[in-house]
Amino acid sequence: MLVKKSFQQKYKSDPELLPEIEKFILDTIQNEIKISDEKKNSIEISIAEAAANSIIHGNNSDPQKNIFVNLSINQKKIKISFKDEGNGFNPKKIPNPTIPENILKGSGRGLFIMKSLADDVKFNFDKNGTELILTFYL
């Protein structure tokens, strides 16, 4: 039987809280389960991108809005979700950062990076915001 543990935190949309959010997730994972350095690095980079996108793009760094972080861990996978209170976006309209005209752009790589490192990336959109769900298989 798989034992699943869940953890939740709420944060104000303040970019200065990004290190605290990353620390909560990484410390929780490391306290619950043993993972390889490679998997830890993939998670660390992905959550940095996801948390920044939720705060900066999702909530426009509005300190009146929150992001909600949910972490679910069992022996086979780690699922991390970030829910913002923003207006959402269309993932299909994010330009491909690997084509020549986008290579030098200062933004637009986060989603590409997360999709490259996580085993699964999903979005849920509703009137209350956007939820990004990252899944890592162990």
What residue pairs, at least two apart or across chains, pass side-chain hydrogen bond (donor to acceptor under 3.5 Å, both in side chains) with a residue in residues 39-52?
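Residue pairs with at least one partner in residues 39-52: Lys39-Asp119.
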
Taking all heavy atoms of Met114 and all of Asn53, pick out the closest pair and write down the distance.
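Looks like CE-ND2, 3.5 Å.
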
Search all heavy atoms of Asn74 against all heavy atoms of Lys76 and return the closest pair with its distance.
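Distance-wise, the nearest heavy atoms are OD1-N, 2.7 Å.
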
Once you round to the nearest 0.5 Å, how far does [atom1] of [X] lie from [atom2] of [Y]?
X      : Y      : atom1 : atom2 : value
Leu134 : Lys115 : CG    : NZ    : 11.5 Å
Leu138 : Ile33  : CG    : CD1   : 5.0 Å
Asn59  : Thr130 : CG    : OG1   : 9.0 Å
Leu17  : Gln9   : CG    : CD    : 11.0 Å

Should side-chain heavy atoms under 4.5 Å link Ile, Leu, Val, Met, Phe, Trp and Tyr, which residues sit in the same cluster as Ile45?
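Direct or chained contacts put Ile45 with Ile113, Leu117.
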
Restricting to salt bridge (Lys or Arg N to Asp or Glu O under 4.0 Å), what partner residues turn up for [X], sequence neighbours left out?
X     : result
Lys12 : none
Asp37 : none
Lys83 : Asp126

Going by heavy atoms in the side chains, are Ile133 and Lys79 under 4.5 Å from each other?
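Side chain of Ile133 against side chain of Lys79, heavy atoms only: contact under 4.5 Å found.
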
Do Ser61 and Ile55 come within less than 4.5 Å of each other through their side chains, counting heavy atoms only?
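With C-beta onward as the side chain, the pair touches.
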
Can a donor-acceptor pair be found, under 3.5 Å and without considering hydrogens, that links the side chain of Asn60 to the backbone of Asp62?
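No, the answer is negative, given that no donor and acceptor are paired below the 3.5 Å cut-off.
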
Residues, nucleotides or ligands: over 12 heavy atoms within 6.0 Å of Gln8 CD
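Atom CD in Gln8 is packed in, count exceeds 12.
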
Using atom types as modelled, flag every donor-acceptor pair under 3.5 Å from a side chain in residues 18-31 to any protein atom, sequence neighbours excluded.
from, atom 1, to, atom 2, distance (Å)
Lys23, NZ, Asp27, OD2, 2.4
Thr28, OG1, Phe24, O, 2.6
Asn31, ND2, Asp27, O, 3.1

Would you please name every residue forming a side chain to side chain contact (heavy atoms under 4.5 Å, CB included) with Asn87, sequence neighbours left out?
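Side chain to side chain contact (heavy atoms under 4.5 Å, CB included) list for Asn87, sorted by chain: empty.
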
Side chain to side chain contact (heavy atoms under 4.5 Å, CB included) involving Lys34 - partner list, sequence neighbours excluded:
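Lys34 satisfies side chain to side chain contact (heavy atoms under 4.5 Å, CB included) with no other residue.
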
The criterion is side-chain hydrogen bond (donor to acceptor under 3.5 Å, both in side chains); which residues satisfy it with Asp84, sequence neighbours excluded?
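None.
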
Ser81: what forms a side-chain hydrogen bond (donor to acceptor under 3.5 Å, both in side chains) with it, not counting sequence neighbours?
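So Ser81 forms a side-chain hydrogen bond (donor to acceptor under 3.5 Å, both in side chains) with Glu131.
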
Would you be so kind as to tabulate the donor-acceptor pairs closer than 3.5 Å made by side chains of residues 63-71, with sequence neighbours excluded?
none

Any pair with a residue in residues 116-138 that passes ring-ring contact (aromatic ring centres under 6.0 Å, His included), sequence neighbours left out, goes on the list, sorted by first then second residue, please.
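For residues 116-138, and leaving out neighbouring residues, the ring-ring contact (aromatic ring centres under 6.0 Å, His included) pairs sorted by first residue read Phe89-Phe123, Phe89-Phe125, Phe123-Phe125.
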
